[in-house]
Amino acid sequence: MTEEYQKALCMSELAVRHSTFAGAHFYDLDSGKVNSSFIFVVQGGAKLFSLRKTLSVQAGELFYIPDGLPYSLQWTGAPDIEYYSLHALSKRYDSAMQTNENALQKIPALSNAGTLALFRKIFSLMASGGRAEKIRAVSLYYSFYADALPLLETERPPELSPALRKALEVLQKTYRENKSVEEIAAACYISASRLFHLFQTRLDTTPVAYRNELRVRRAAELLRTDASLEEICAETGFSSVTYFREIFKSRTGMTPSEYRRKIYNQS
């Protein structure tokens with residue numbers, strides 16, 4: 001008698017990174033990553049902003065970012081930032097997982113010294129350059145993922161009503177303008193109170209906060225150019241440089257000028 005079991009385990013790429021920064025660091029990925037990430041925070045802390053939720057993490061914690069999720073990430077040091085991250089590309093371990101999506105989340109059960117030691121080991125093996133060592137690193141990743149998979153929470157994508165989809169479309173097209181919530185709601189044929197309710201219950205944010213997020217993301221792009229703060233305000237819709245500084249710092253942990261200096265120092 002012959003027994004055979006077969007399952008496609010697909011991982012076309014594994015990357016491991018050891019990152020360090022001083023003070024603060026802001027990262028924005030508006031389109032979402034093509035790979036999922038496990039990140040262990042060694043020093044400092046971070047706050048992640050996505051359309052669905054906000055997540056705060058600190059030193060000693062492991063967290064997970066699913067692939068395809070647009071988000072921004074604000075790192076703050078105490079005074080330094082240090083973390084290890086594992087990124088796997090093109091993986092489908094279980095077809096049942098395709099009906100739900102893994103959520104942005106912390107993983108308390110694996111937030112320990114053992115996980116940090118494992119990430120350091122995988123990094124060391126990948127950095128060695130040897131083929132056998134890299135295969136061992138991949139083996140350790142699969143073993144880690146087998147432990148992490150049962151701990152990952154899944155969630156269905158939020159069901160967006162036609163009115164909420166229309167509101168998001170309006171904001172994405174007019175975020176430079178200072179349309180009132182009433183005007184946005186009228187374009188969606190609903191009341192302002194109903195619009196607030198939809199944003200809060202479905203997206204855990206407000207129309208104004210969502211518009212400010214769009215403005216900050218565009219401003220972060222423009223700060224990589226030689227545009228003045230006044231020109232950036234005009235382009236993004238902020239009413240004044242003072243208000244721009246206030247909102248930008250609240251979302252990134254840095255003033256626009258501090259962010260620009262960091263970008264230029266890293267280039």
Side-chain angles (χ1 to χ4, degrees), residues 5-29 31-46 48 55 57-69 71 73-95 97-98 101-154 262 265-267:
Y5 301 94
Q6 182 175 343
K7 183 69 177 178
L9 299 178
C10 176
M11 181 177 68
S12 61
E13 182 178 319
L14 174 66
V16 56
R17 299 189 181 100
H18 177 217
S19 302
T20 58
F21 302 97
H25 182 67
F26 179 68
Y27 179 71
D28 177 62
L29 196 60
S31 60
K33 302 183 287 75
V34 295
N35 57 304
S36 59
S37 301
F38 291 95
I39 302 176
F40 194 100
V41 185
V42 183
Q43 295 184 77
L48 293 89
L55 183 71
V57 294
Q58 57 187 358
E61 291 187 318
L62 174 72
F63 65 99
Y64 174 81
I65 305 175
D67 59 286
L69 177 71
Y71 69 94
L73 179 57
Q74 171 191 327
W75 286 99
T76 53
D80 296 325
I81 300 161
E82 179 185 7
Y83 61 90
Y84 284 87
S85 53
L86 291 175
H87 312 273
L89 177 64
S90 300
K91 57 180 179 52
R92 284 296 180 190
Y93 294 93
D94 189 342
S95 59
M97 291 175 60
Q98 298 183 32
E101 294 184 0
N102 287 329
L104 172 68
Q105 61 197 276
K106 293 192 283 190
I107 311 176
L110 293 177
S111 297
N112 53 51
T115 299
L116 175 57
L118 177 65
F119 278 38
R120 283 174 169 160
K121 180 66 173 177
I122 293 174
F123 180 82
S124 176
L125 289 169
M126 292 288 280
S128 71
R131 183 179 181 186
E133 286 76 16
K134 289 182 178 179
I135 291 173
R136 291 190 183 96
V138 171
S139 175
L140 288 175
Y141 174 80
Y142 272 116
S143 178
F144 162 77
Y145 191 81
D147 292 335
L149 181 58
L151 303 173
L152 293 180
E153 299 174 356
T154 59
K262 275 194 167 291
N265 289 339
Q266 292 168 11
S267 60

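All of these numbers come straight from a predicted model, not from anything done at the bench. All heavy atoms count here, side chains included; hydrogens, waters and symmetry mates do not.
In terms of the side-chain contact (heavy atoms from CB on, under 4.5 Å) criterion, residue partners of Q43 (sequence neighbours excluded) are, by chain and number, D80, E82. Partners of S111 by side-chain contact (heavy atoms from CB on, under 4.5 Å), not counting sequence neighbours, listed by chain and number: E61, L62. T76 is linked by a side-chain hydrogen bond (donor to acceptor under 3.5 Å, both in side chains) to nothing, counting only residues two or more places apart in sequence or in another chain. Under the ring pair (Phe, Tyr, Trp, His ring centres under 6.0 Å) criterion, F40 pairs with no residue at all, not counting sequence neighbours. Partners of Y83 by ring pair (Phe, Tyr, Trp, His ring centres under 6.0 Å), not counting sequence neighbours, listed by chain and number: W75. For the side-chain contact (heavy atoms from CB on, under 4.5 Å) test, residues two or more places apart in sequence or in another chain that qualify with L151 are I107, A109, L110.
Counting heavy atoms from C-beta on, the side chains of Y141 and V16 never come closer than 4.5 Å.
To the nearest 0.5 Å, the span separating CG on L152 from OH on Y64 amounts to 6.0 Å. A distance of 8.5 Å separates OG in S85 from CD1 in I65, rounded to the nearest 0.5 Å. Atoms CG and OG, from L104 and S37 in turn, are 11.0 Å apart once rounded to the nearest 0.5 Å. Atom CD1 of residue I122 and atom CG of residue L86 lie 5.0 Å apart, to the nearest 0.5 angstrom. Considering CE of M126 and CZ of R17, their distance stands at 10.5 Å, rounded to 0.5 Å.
A donor-acceptor pair under 3.5 Å is absent between the side-chain atoms of E153 and the main chain of Q105, judged by distance alone.
Taking the ring centroids of F119 and F144, they lie under the 6.0 Å cut-off.
Residues L73 and A46 approach most closely at CD1-CB, 3.7 Å, considering heavy atoms. When all heavy atoms of H18 and Y84 are compared, the closest pair comes out as CD2-CZ, 3.4 Å.
Screening residues 112-134 for side chain to side chain donor-acceptor pair (under 3.5 Å) gives N112-T115 as the qualifying pairs, with residues at least two apart or on separate chains.
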